[in-house]
Amino acid sequence: MSKEIIIIGGGIIGLSSAYYLQKEGHKVTVIEKSDFSSGASFANAGIITPSHIVSLAAPGMISKGLKWMLSSTSPLSIKPRLDYDFLQWAWFFKKSATHTKVAASIPVIKDINLFSRELYEEIKASKDFDFHYQHKGLMMYYKTDKMGEEEWNVGKLGIKEGLKVEHLTKEETQKLEPNIQLNIKGAVYYHSDAHMTPNEYMKQLKLYLEQNNVTFLSNEEVLDFHVSNNTIKSINTKNNTIVADEFILTTGSWTQKLAKKLGINIPVQAGKGYRINVKNDTGITIPAILTEAKVAVTPMNGFTRFGGMMEIAGINNKINKKRVNAIVNASKSYYNNLNINQKEIDNVESGLRPCSPDGLPYIGKLSNLKNVTVAAGHAMMGWSLGPATGKLVSEIIDDKKTSLDITPFNVERFN
């Protein structure tokens, strides 16, 4: 039966949900507080990441965070503040950072990433799209033996999970990337990953949805909900009152704030990241993570993107130039003769990645409201998990058996 569905949030998760819902015959409206052209869905590294099997809430991450806290150029910055939501999130993060919990999450993260990659390839193969997509894997470059050992330990976990992973010498790596000069000791090479050009895909996806009767409302912020008999009847924005049968929150870093209006706590902290686009030919053909610096490098359609940092400091779009310069300096230290000009540095953009305390997204219905589904908290894997999340949301709305077990993504697991 066709339903009127409101999706609140117009990033990759919201548009992916709209894609699968309209295919099932539903009438979909997507509401976005900006203009559908900015944010983490546009500023991300564009990598589909089955390799990223260890969540952010890994054992040892707290001590690393404390060590990095005082550095203005560290890969992870957690700005402590007397804010209840932040302090609660930090407590849940600490409780999640155990070997047992991380080990349990590894197959969950791997499976949803592989499922999402399959769905991207299905979309790519359809006649409706023509976007940049390459399945070339991901290099984890390292400069020190200590980091190389750490990365290979994760790589061996990936092999146990059925992923193809190789440990390469510098010479073996250079043979795969002959047009660049690498200043590294070696690399851990995941064959499982793919990459895209996010702004290109987002534009094509939005155009496809418009052509298939999905309505888009831009610059509309949801102010309140009208609830009756455990059901949302309508929402109020600054310009409209909108009635629908089902409501989906794909609101990223703003999810906790909005969910509070519905009487539910969904812990999310915004993790700011930055991206720099380099237009000149870098010679880079395989995406990479510069492991010591936690910088991602992706060859996209017409440029190479350098991005990174995880700055947990609340919701803000301020550009920290020291962190931007840290990305530039790190990139130049791994790639000899890399040229990033000042105009490209000045054109930096940021995005806010919605981080759950345990590194797993929230996907599912609310227990106290019959017609509300949440899909948020994807952290650094939002791009990677877009189609998988959208497909699961569609199955939840239609009360079908979900393609994956969604128990680990329980929206109310911290309540």
Side-chain angles (χ1 to χ4, degrees), residues 10-12 32-47 68-79 132 141 179-183 195-203 206 218-219 252-253 270-285 287-354 379-380 382-383:
I12 183 64
E32 167 60 31
K33 61 183 182 53
S34 66
D35 63 355
F36 294 96
S37 69
S38 62
S41 294
F42 291 83
N44 67 84
I47 305 173
W68 286 335
M69 196 180 287
L70 299 176
S71 170
S72 61
T73 58
S74 62
L76 171 66
S77 167
I78 301 176
K79 185 179 180 182
H132 169 243
Y141 293 146
N179 299 319
I180 56 178
Q181 293 180 18
L182 288 163
N183 181 24
H195 67 282
M196 305 168 65
T197 304
N199 54 312
E200 177 186 271
Y201 178 73
M202 289 293 285
K203 286 176 183 174
K206 184 170 181 283
S218 60
N219 302 304
S253 296
K272 189 191 300 173
Y274 300 96
R275 73 97 183 108
I276 300 165
N277 293 339
V278 175
K279 295 290 178 67
N280 63 289
D281 185 4
T282 60
I284 297 166
T285 64
I289 304 290
L290 316 181
T291 57
E292 284 88 356
K294 303 293 185 287
V295 168
V297 182
T298 314
M300 295 189 178
N301 191 10
F303 58 93
T304 304
R305 176 164 290 178
F306 296 81
M309 299 293 161
M310 176 62 84
E311 189 178 316
I312 297 176
I315 293 177
N316 71 78
N317 294 308
K318 295 174 187 171
I319 301 292
N320 185 323
K321 290 186 178 179
K322 286 184 179 178
R323 295 199 175 279
V324 176
N325 288 330
I327 294 172
V328 174
N329 295 333
S331 303
K332 288 181 176 179
S333 76
Y334 282 79
Y335 298 97
N336 295 328
N337 305 319
L338 175 66
N339 178 36
I340 303 177
N341 65 47
Q342 192 58 48
K343 184 179 179 184
E344 290 165 338
I345 296 169
D346 292 340
N347 285 336
V348 66
E349 284 189 8
S350 68
L352 298 176
R353 296 164 293 199
M380 293 176 287
W383 187 263

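A quick note: this is a predicted structure, and the numbers were derived from the prediction, not measured. Hydrogens, waters and symmetry mates are skipped; everything else that's a heavy atom, side chains included, is used.
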Please set out all donor-acceptor pairs under 3.5 angstrom arising from side-chain atoms of residues 308-319, sequence neighbours excluded.
{"unit_1": "Glu311", "atom_1": "OE1", "unit_2": "Tyr274", "atom_2": "OH", "d": "2.9"}
{"unit_1": "Glu311", "atom_1": "OE1", "unit_2": "Arg323", "atom_2": "NE", "d": "3.4"}
{"unit_1": "Asn316", "atom_1": "OD1", "unit_2": "Lys272", "atom_2": "NZ", "d": "2.5"}
{"unit_1": "Asn316", "atom_1": "OD1", "unit_2": "Lys318", "atom_2": "N", "d": "3.2"}
{"unit_1": "Asn316", "atom_1": "ND2", "unit_2": "Ala313", "atom_2": "O", "d": "3.2"}

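Scanning all heavy atoms of the two residues, the minimum distance from Asn277 to Arg305 falls at OD1-NE, 2.9 Å. Nearest approach of Met202 to Gly11, heavy atoms of both residues: CE-C, 3.7 Å. Residues Pro354 and Gly252 share a closest heavy-atom pair of CB-C, 3.3 Å. Pairing each heavy atom of Gly46 with each of Pro198, the nearest pair is CA-CG, 3.7 Å. Here the shortest heavy-atom pairing between Ser331 and Leu290 reads CA-CD1, 3.8 Å.
Remark: the backbone N or O of His132 is paired with a side-chain donor or acceptor of Glu200 at under 3.5 angstrom.
The local environment of NZ in Lys332 is crowded, with over 12 non-hydrogen atoms from other residues, nucleotides or ligands closer than 6.0 Å.
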Kindly indicate, with the supporting measurements, whether the criterion side chain to side chain contact (heavy atoms under 4.5 Å, CB included) is fulfilled by Val295 and Tyr334.
-> CA-CA 10 Å; Val295 168; Tyr334 282 79; over 6 Å; no

Does the side chain to side chain contact (heavy atoms under 4.5 Å, CB included) test come out yes or no for Glu344 and Val328, once each step is laid out?
-> CA-CA 10 Å; Glu344 290 165 338; Val328 174; over 6 Å; no

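Between atom OH of residue Tyr141 and atom OG1 of residue Thr291 there is a gap of 11.0 Å, rounded to the nearest 0.5 Å. The structure places CD1 of Ile327 at 13.5 Å from NZ of Lys294, a figure rounded to the nearest 0.5 Å. Remark: Thr298 OG1 to His195 NE2 distance equals 7.0 Å, nearest 0.5 Å. Separating the CZ atom in Phe42 from the OG1 atom in Thr197 is a distance of 13.0 Å, to the nearest 0.5 Å. The line from NZ of Lys279 to CD1 of Ile340 is 13.5 Å long, rounded to the nearest 0.5 Å. Atoms CD1 and CG, from Ile12 and Asn44 in turn, are 8.0 Å apart once rounded to the nearest 0.5 Å.
For the pairing with Thr282, the side-chain hydrogen bond (donor to acceptor under 3.5 Å, both in side chains) check across Thr304, Asn337, Asn339 returns one residue only, Thr304.
A heavy-atom distance below 4.5 Å is found between the side chains of Tyr335 and Val297. In this structure the side chain of Trp383 reaches within 4.5 angstrom of the side chain of Met196, judged on heavy atoms. Annotation: side chain of Glu349 is not in contact with side chain of Ser38 (no heavy-atom distance under 4.5 Å). Side-chain contact between Ser34 and Ser218 is absent, with no heavy atoms from C-beta onward closer than 4.5 Å. No side-chain heavy atom of Thr285 sits under 4.5 Å from any side-chain heavy atom of Ile180.
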